Colleague: 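The following block contains the structure, expressed as structure tokens.
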Amino acid sequence: MTLRRADFGEDFTWGVASAAFQIEGAWDVDGKRPSVWDEACRNGRVRDGLVCLDAIDAFHRSDEDLDLIAGLGVDANRFSINWPRVYGDGRGPWNEAGGAYYDRVIDGCLARGVEPWVTVHHWDLPLALQREGGWTRRGIVDDFAAFAEEVARRYGDRVKHWMVFNEPLSVVGHIAAGIHGRIGPHPMAALASLHHMNLACAEAGRRMHAVLGAEASIGTTNVFSLGAPFDATGSQRRMQRAIEALTVDAFLDPAAGRGYPFDDSPFLRPLRRYVRDGDLEAAAFDYDFMGVQYYGPFPTKKVPVLGGIPVPRLDTAEADVRSTTKIPVEPRGLIELFRRYRDHPACKRFVVTECGFGMNDRMVDGRVRDDLRIWYTRNHLEVVREAVAEGLPVDGYFQWSYADNIEWVFGRNGRYGLIYVDYDDDFRRTPKDSYRWYQQLLTDADGID
Ligand code: IFM
């Protein structure tokens, strides 16, 4: 069936997404300080190690990359601000030279008719703050809010769309698994961090709103990978619900001023000890939109116990197709989550802020034939189109990612880009078949078959 841009409506935002650590490189340029992920590259927790510090060198190639992004015909480019590039070891002062990089990116987007959509934080916590306890320390709420406020002050004259935080759930997972810092693996540290992230997002949202005024659109993003199968019954259904409460509602309910879904999820209950008087109000913030990060469902049959706390684990045994990060493919999970959360007060509007497929692409004779990524994207977009037609409040779609980049602990493995990056040839960029496919969808009024 033909897929046309017009099927999604005129106000639908089309974009691509990326994150600072994954693309920028320039880890020691212009006074940038180290982040937890720079440290993870050094201490062996990132596959491929030190070379990942250079990421895909986007810092030095912003003109080329922005030309390629604009060439797709997108409305928007989503990227994040590297906290220790602009704000020292976490508490300022503002680094003018580091901050100028984002002036170049923002101005470069606008000059090309592409709206900058800025994520304030996508996991690159300053290492110095991690050494004070990172997200386990309650004082980080104020540190993060001060950083977010200053980012809004610096770029708010040109940036109208904001996301406060990228996938706090993933950071909770990193802490539980002990991927960075000196405290893991530690489930209790992860739960304390979860609560502090909720407080930090709400406080940052309030301060950004005070700086930016009512015109700006302030959202955030969350992982929305519901448990599968969707038609589960009995104890399996209860287990699914417990996992969904931990992975989704534990972020949405506090934002809506409802506190935590302790009754639904035994996994969350130990978090009670970190909640203080007044936190219910302090964790609430009225987001203009909810960013949906969707790659596939979390099948959740196995629940091993770690440090006395049950930890849900992926069971991908039944999936037919999986990405390199092992997430099974299930496009209908998208419409399930829109239906399930459409009436949640934290979800006024949805924007799919990430969706994409990780593969081990190969370039052969100068071409990358990534048919599986095209198949994945088409299937997910068909479901988004169905959601729009059903009247569900879905306003945008951002493909992850515009180019291959560092897939966190997987290093250079697990390519998600529409553009191939040749690590053996000075980071040379080559548009893949999926780039041409997305471009045709966005630029050809007849759409794509
Ligand atoms: O690369 C990540 C991104 O940083 C956050 N969301 C999931 C992507 C793919 O794993």
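Start at 1 and go down the list; that is how both ligands and their atoms are numbered. Just so you know, these numbers come straight off a predicted model, no measurement behind them. Note: hydrogens, waters and symmetry copies are ignored here, and every other heavy atom, side chains too, is used.
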Colleague: So, regarding E354 and ligand 1 (criterion: nitrogen or oxygen to nitrogen or oxygen, under 3.5 Å), is there a contact or not?
Modeller: yes
Colleague: Report, in ascending order of atom number, the atoms of ligand 1 lying under 4.0 Å from any heavy atom of E167.
Modeller: 5 (C), 6 (N), 7 (C)
Colleague: Taking the six-membered ring for Trp, are Y295 and Y416 parallel (under 30°), tilted (30 to 60°) or perpendicular (over 60°)?
Modeller: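 If you compare the ring of Y295 with that of Y416, the planes turn out perpendicular.
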Colleague: Can you name the atoms of ligand 1, numbered from 1 with element, that are less than 4.0 Å from a heavy atom of H122?
Modeller: 3 (C), 4 (O), 5 (C)
Colleague: Is the shortest side-chain N to carboxylate O distance from R342 to E390 below 4.0 Å?
Modeller: no
Colleague: Less than 4.0 Å between a side-chain N and a carboxylate O, is that true for R207 and D142?
Modeller: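 Judged by the 4.0 Å cut-off on N to carboxylate O distance, D142 and R207 do form a salt bridge.
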Colleague: Before accepting this row, confirm whether a basic side-chain N of the pair D7/R385 lies closer than 4.0 Å to the acidic partner's carboxylate O.
Modeller: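 Result for this pair is yes, salt bridge flagged.
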Colleague: Answer yes or no: does an N/O atom from N405 fall short of 3.5 Å to an N/O atom of ligand 1?
Modeller: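 No.
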